[in-house]
Amino acid sequence: MKIATFNVNGVKTRLAHLLRWLEKEQPDVACLQELKALDEGFPAETLREAGYGALWKGQRSWNGVAILARGSQPVEIRRVLPGDEADDQSRYLEAAVDGLVVGCLYLPNGNPQPGPKFAYKLAWFERLIAHAAALADSEHPVLLCGDYNVVPTDFDIYNPRSWRKDALLQPESRACWERLLAQGWTDAIRHLHPDEPVYTFWDYFRQHWQRNAGLRIDHLLLNRRLAPALRAAGVDTWVRGEEKASDHAPTWVELELSRLSKPRRNRRA
DNA sequence: ATGACTATAGGATATAGA
């Protein structure tokens, strides 16, 4: 079972890219961020014809998240991150797909910092940590993936020098990331590729893609129950090399759910 | 310190992204 996260940077602008990628890589589940479209602008019919059921949460101009499932309809669990009823930004969706709980998130960028946007980022991160605590300990297999807008360490960026003041590298952002992982989550990419640089984002400036000057900010986290199923993880970098590509590349895990032990209540003494 | 580039909304520029 292949599950991917992909910040499409505009689902309407990138629809052809999205369809080519789905066709070629055949992910079973695809979590999308930055739809930049209203609910009514989401190409649900086209995706259905491509074989994917979908849940989506749009917003005018910015944000927006979706969960696609190949050959099935994701079952919605929640469409808001708890903790702030005044927050109207479309950044979180959670669904059940084939016995798996999948959270799709688009964590605020936070620039410029310091300032209100950075405060919003940290507040949103605190809400995520609070919500993720129960998911981390869940007896269900849970995957929490998306654009976290955090470069976990200096090893996750081509060169931190010109990014030192960026919200993505701030000690506060990284401390939140560490607290999240300390709940027991496995960072799939880093777990399977401990010694090599892996990037998921290359900005449009200064030929950063051509120079492979990237950042690792799209992450897939597995809870304890799911971690034993992890078989492979990677980045579909070819998508970033396409004409008029998103600045992010799809990032994925391959899971072998049949390898998970049965829930305790079903096990014989 | 700034800007490089790409997107949306709208119909010129302003704002956001990371």
Side-chain angles (χ1 to χ4, degrees), chain A residues 5-18 21 31-43 56-66 87-92 104-125 128 145-177 189 197-219 235 237 239-251:
Chain A
T5 178
F6 182 20
N7 180 323
V8 292
N9 190 11
V11 73
K12 286 181 284 189
T13 306
R14 223 69 66 189
L15 184 56
H17 293 78
L18 176 60
W21 170 65
C31 293
L32 309 180
Q33 301 86 33
E34 281 211 87
L35 303 180
K36 295 187 173 180
L38 291 167
D39 278 341
E40 50 265 42
F42 184 79
W56 63 96
K57 177 171 171 146
Q59 182 179 334
R60 182 180 294 279
S61 305
W62 322 117
N63 309 322
V65 286
D87 183 3
D88 58 359
Q89 299 193 22
S90 297
R91 296 181 175 277
Y92 192 80
C104 170
L105 64 97
Y106 176 44
L107 208 136
N109 171 295
N111 281 308
Q113 74 79 33
K117 291 190 176 181
F118 191 60
Y120 174 66
K121 175 184 192 138
L122 296 180
W124 204 96
F125 221 145
L128 178 65
C145 68
D147 179 355
Y148 282 75
N149 271 316
V150 175
V151 175
T153 72
D154 286 353
F155 188 59
D156 298 302
I157 182 169
Y158 64 101
N159 182 352
R161 195 177 46 179
S162 59
W163 295 79
R164 275 293 170 225
K165 294 188 174 178
D166 194 282
L168 279 61
L169 277 72
Q170 290 313 298
E172 296 95 327
S173 307
R174 288 174 164 179
C176 283
W177 170 258
I189 291 278
V198 177
Y199 304 137
T200 68
F201 166 86
W202 299 258
D203 72 27
Y204 293 122
F205 307 149
R206 293 170 292 195
Q207 298 199 297
H208 276 168
W209 164 247
Q210 290 80 354
R211 296 161 41 205
N212 192 28
L215 287 67
R216 189 172 75 96
I217 55 177
D218 300 275
H219 307 299
V235 183
T237 53
V239 178
R240 182 62 181 83
E242 298 264 277
E243 199 74 28
K244 294 277 183 184
S246 167
D247 38 8
H248 296 252
T251 307

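In what follows, chains are A, B, ... by sequence order, proteins preceding strands, each numbered from 1. These numbers come from a predicted model, not from an experiment.
Ring planes of A:Y158 and A:W163: perpendicular class, angle over 60° (limits at 30 and 60°).
Considering only side-chain N and O atoms, A:Y106 lies nowhere under 4.0 angstrom from the phosphate OP1 or OP2 of B:dA16. Phosphate proximity of B:dA18 to A:N111: absent, as no side-chain N or O sits under 4.0 Å from OP1 or OP2. Listed pair A:H248 / B:dA18 meets the phosphate criterion, a side-chain N or O lying under 4.0 Å from OP1 or OP2. Of the side-chain N and O atoms in A:N7, one or more sit less than 4.0 angstrom from OP1 or OP2 of B:dA18.
Checked against ring-ring contact (aromatic ring centres under 6.0 Å, His included), A:Y106 has no partners two or more places apart in sequence or in another chain. Remark: A:W177 pairs with A:Y148, A:H219 by the ring-ring contact (aromatic ring centres under 6.0 Å, His included) rule, at least two apart or across chains.
Atom P of B:dT15 sits at a distance of 15 Å from the matching atom of B:dG11, rounded to the whole Å.
Mapping A:G110 and A:K165 onto DNA chain B by nearest heavy atom places A:K165 at the nucleotide closer to the 5' end.
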Legend entry - Per-nucleotide protein contact string for nucleotides 3-13 of chain B (B base, S sugar-phosphate only, - none; heavy atom under 4.0 Å): BBBSSBS----

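How far CG of A:D166 is from CG of A:N111: 4.0 Å, rounded to the nearest 0.5 Å. Taking NZ of A:K36 as the reference point, atom CD of A:Q59 lies at 11.5 Å (rounded to 0.5 Å).
Using a cut-off of 4.0 Å between Lys/Arg side-chain N and Asp/Glu carboxylate O, A:D154 and A:R164 are scored as salt-bridged.
Atom CZ of A:F201 is separated from atom P of B:dA18 by 6 Å (rounded to the nearest Å).
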